[in-house]
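Notes to accompany the following structure.
Here the structure is a predicted model, which is why all the values come from computation and not from measurement.
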Amino acid sequence: MINFNIFNKKKSLLAVYDLDKINCSFDFITFFQNSVLYQKKNNFERLDLCLIKGTVDGFKKNQFLREKENKIDNAFLRLNNIVLPSIMMFRKYYDNFFLINNRNDAKEVLNRYKNFFPKKYNLNCEKNDYCSQTVWGNLEKDYENVKLAKLEVPEYLSKKILKKINTTKKIISITLRESSYHEERNSQINDWKDFISFLEKKGYFVIVIRDSEKIYLDNLFDANNFFPQASHDLFLRSAIYKISHINYFVSGGPSLICWCNNYKSVNFKLWGIKQERGQYEDNMHLERDQQSRILDK
């Protein structure tokens with residue numbers, strides 16, 4: 001824990017990931033990139049990080065409007081398998097981390113700070129104002145000041161993967177989306193099967209990472225699902241992306257791993273019509289044919 005008697009409040013920034021305001025998901029990666037950018041632009045000497053549990057079983061109410069079944073289990077899986085590992089993988093970018101289970105205890109920590117990200121954060125701030133400061137679009141608009149924080153991927157893990165698959169072929173990873181919510185964004189299974197056959201005929205070694213909702217439920221893609229635990233293990237998943245020649249995705253959070261670590265990737269995105277703009281227009285702050293000013297691989 002931090003020694004509050006010796007640190008300078010004016011030069012310290014506390015980034016608060018409040019699970020009552022924001023999804024417990026890969027959104028944390030984008031949140032953290034925005035907090036690092038905010039620290040840089042405002043010349044704060046140190047960045048501390050705080051995760052505060054939400055008011056509904058530790059999360060926000062909308063967290064449970066997604067899945068049809070196992071809602072609380074899936075929420076905790078995201079916390080334990082995405083958010084907390086991401087915090088550990090970003091550990092060189094912040095000085096201290098606080099995990100607050102009871103919101104009534106948060107004031108003791110918050111009162112020690114003067115500067116917050118999102119700006120003007122407090123426990124009762126508006127969700128829309130909070131979330132608008134945490135989207136990828138902010139990074140695109142301020143791209144000249146952005147230097148993305150990288151998730152630290154253990155080198156020994158990448159070496160173990162290479163040793164296990166024992167191939168001289170170029171590796172390609174395919175990450176499937178097979179979710180029970182926003183099903184229109186899911187991978188078209190038959191098309192991806194055809195694509196895998198095409199890649200293998202061209203001499204590539206293909207690794208498939210299934211969606212965590214469908215892993216172990218059937219034998220689809222068994223011939224290419226060499227590391228089923230990668231669906232839940234963020235370190236293993238990231239190591240696979242690191243060693244791959246290129247990584248393929250549809251609309252979804254895991255691609256953020258490649259974006260912030262500058263791994264080669266291709267995203268097939270679902271673009272909304274003007275009346276119902278999709279998340280890639282609003283969050284990425286990119287139109288359909290516009291290129292990112294940050295990402296180059």
With a 4.5 Å limit on heavy-atom distance, are the side chains of [X] and [Y] in contact?
X: Phe59; Y: Asn23; value: no
X: Val250; Y: Asn186; value: no
X: Val153; Y: Phe235; value: no
X: Leu14; Y: Val109; value: yes
X: Asp20; Y: Ile52; value: no
X: Ser238; Y: Leu234; value: yes

Would you say [X]'s side chain and [Y]'s backbone share a donor-acceptor pair under 3.5 angstrom?
X: Asn224; Y: Val206; result: yes
X: Gln33; Y: Trp136; result: no
X: Asn261; Y: Tyr263; result: no
X: Ser255; Y: Ser251; result: no
X: Arg177; Y: Arg185; result: no
X: Lys21; Y: Cys125; result: yes
X: Ser244; Y: Ile246; result: no
X: Asn115; Y: Ser12; result: yes
X: Asn80; Y: Phe76; result: yes
X: Ser231; Y: Arg210; result: yes

- Message: Heavy-atom count check: over 12 atoms from other residues, nucleotides or ligands less than 6.0 Å from Asn102 CG?
- Response: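 Atom CG in Asn102 is packed in, count exceeds 12.
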
- Run the side chain to side chain contact (heavy atoms under 4.5 Å, CB included) check on Phe227 and Lys164 step by step: do they pass? CA-CA 10 Å; Phe227 304 96; Lys164 179 177 180 179; 3.6 Å; yes

Do [X] and [Y] have ring centres separated by under 6.0 Å?
X: Phe26; Y: Phe31; answer: no
X: Phe90; Y: Phe97; answer: no
X: Tyr17; Y: Phe28; answer: yes

Restricting to non-hydrogen atoms, name the atom on [X] and the atom on [Y] that form the minimum distance, rounded to 0.1 Å.
X: Ala230; Y: Ile240; value: CB-CD1, 3.9 Å
X: Glu213; Y: Ser180; value: OE1-OG, 3.0 Å
X: Glu178; Y: Leu176; value: OE2-CB, 3.8 Å
X: Ile29; Y: Ser86; value: CG1-OG, 4.1 Å
X: Ala149; Y: Phe32; value: CB-CE2, 4.1 Å
X: Leu220; Y: Asp218; value: N-OD1, 3.1 Å

[atom1] of [X] to [atom2] of [Y]: how many Å apart, nearest 0.5 Å?
X: Ile209; Y: Gln229; atom1: CD1; atom2: CD; value: 10.0 Å
X: Leu139; Y: Asn145; atom1: CG; atom2: CG; value: 11.0 Å
X: Leu51; Y: Leu84; atom1: CG; atom2: CG; value: 6.5 Å
X: Phe117; Y: Ser35; atom1: CZ; atom2: OG; value: 6.0 Å
X: Glu108; Y: Ile100; atom1: CD; atom2: CD1; value: 8.5 Å
X: Ile172; Y: Lys264; atom1: CD1; atom2: NZ; value: 10.5 Å

- What is the ring orientation for Phe195 with Trp192, classed by angle as parallel under 30°, tilted 30 to 60°, or perpendicular over 60°?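 The rings of Phe195 and Trp192 stand perpendicular, inter-plane angle above 60°.
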
Can a side-chain donor-acceptor contact be found between [Y] and [X] if the only test is distance below 3.5 angstrom?
X: Thr134; Y: Asn34; result: no
X: Thr175; Y: Tyr241; result: yes
X: Asp48; Y: Tyr113; result: yes

- Message: Could you go through Leu199 and Ile174, starting from their C-alpha distance and side-chain angles, then the distance that decides it, and tell me whether this counts as side chain to side chain contact (heavy atoms under 4.5 Å, CB included)?
- Response: CA-CA 11 Å; Leu199 291 172; Ile174 294 174; 4.3 Å; yes

- Can you list the steps and then say if Lys170 with Tyr204 is a side chain to side chain contact (heavy atoms under 4.5 Å, CB included)? CA-CA 5 Å; Lys170 287 185 177 180; Tyr204 293 100; 3.7 Å; yes

Do [X] and [Y] sit in the same hydrophobic cluster, where Ile, Leu, Val, Met, Phe, Trp and Tyr count as joined when their side-chain heavy atoms come under 4.5 Å apart?
X: Leu37; Y: Phe44; answer: yes
X: Val36; Y: Ile294; answer: yes
X: Leu79; Y: Ile215; answer: no
X: Phe249; Y: Ile243; answer: yes
X: Leu77; Y: Ile87; answer: no

- Message: Going by side chain to side chain contact (heavy atoms under 4.5 Å, CB included), name the residues that satisfy it together with Lys61, two or more places apart in sequence or in a different chain.
- Response: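 By the side chain to side chain contact (heavy atoms under 4.5 Å, CB included) rule, Lys61 matches Val56.
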
- Task: Kindly state each residue pair satisfying salt bridge (Lys or Arg N to Asp or Glu O under 4.0 Å) with at least one member in residues 133-157, sequence neighbours excluded.
- Result: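 Every pair satisfying salt bridge (Lys or Arg N to Asp or Glu O under 4.0 Å) with a residue in residues 133-157: Lys41-Asp142, Arg91-Glu152, Glu155-Lys242.
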
- Task: Return each pair, listed once, that meets salt bridge (Lys or Arg N to Asp or Glu O under 4.0 Å) where at least one residue sits in residues 116-127; pairs must be two or more places apart or across chains.
- Result: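 As it turns out, there is no salt bridge (Lys or Arg N to Asp or Glu O under 4.0 Å) pair with a partner in residues 116-127 once direct neighbours are skipped.
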
- Message: With a 4.0 Å cut-off on N to O distance, would you call Glu45 and Lys11 a salt bridge?
- Response: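 Salt bridge flag = yes for Lys11 with Glu45.
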
- Taking only Lys NZ, Arg NE, NH1 and NH2, and the carboxylate oxygens of Asp or Glu, determine whether Asp191 and Lys193 approach each other closer than 4.0 Å.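 Answer for the salt bridge query: no.
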
- Message: Pair Tyr38, Phe116 - check ring pair (Phe, Tyr, Trp, His ring centres under 6.0 Å), show working.
- Response: CA-CA 10 Å; Tyr38 189 81; Phe116 299 93; over 10 Å; no

- Picking from Lys53, Lys60, Arg103, what satisfies side chain to side chain donor-acceptor pair (under 3.5 Å) with Asp18?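 Between Asp18 and the candidates, side chain to side chain donor-acceptor pair (under 3.5 Å) is satisfied uniquely by Arg103.
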
- Query: Can Tyr248 and Asn267 be said to form a side chain to side chain contact (heavy atoms under 4.5 Å, CB included), step by step?
  - Reply: CA-CA 6 Å; Tyr248 284 95; Asn267 285 61; over 6 Å; no

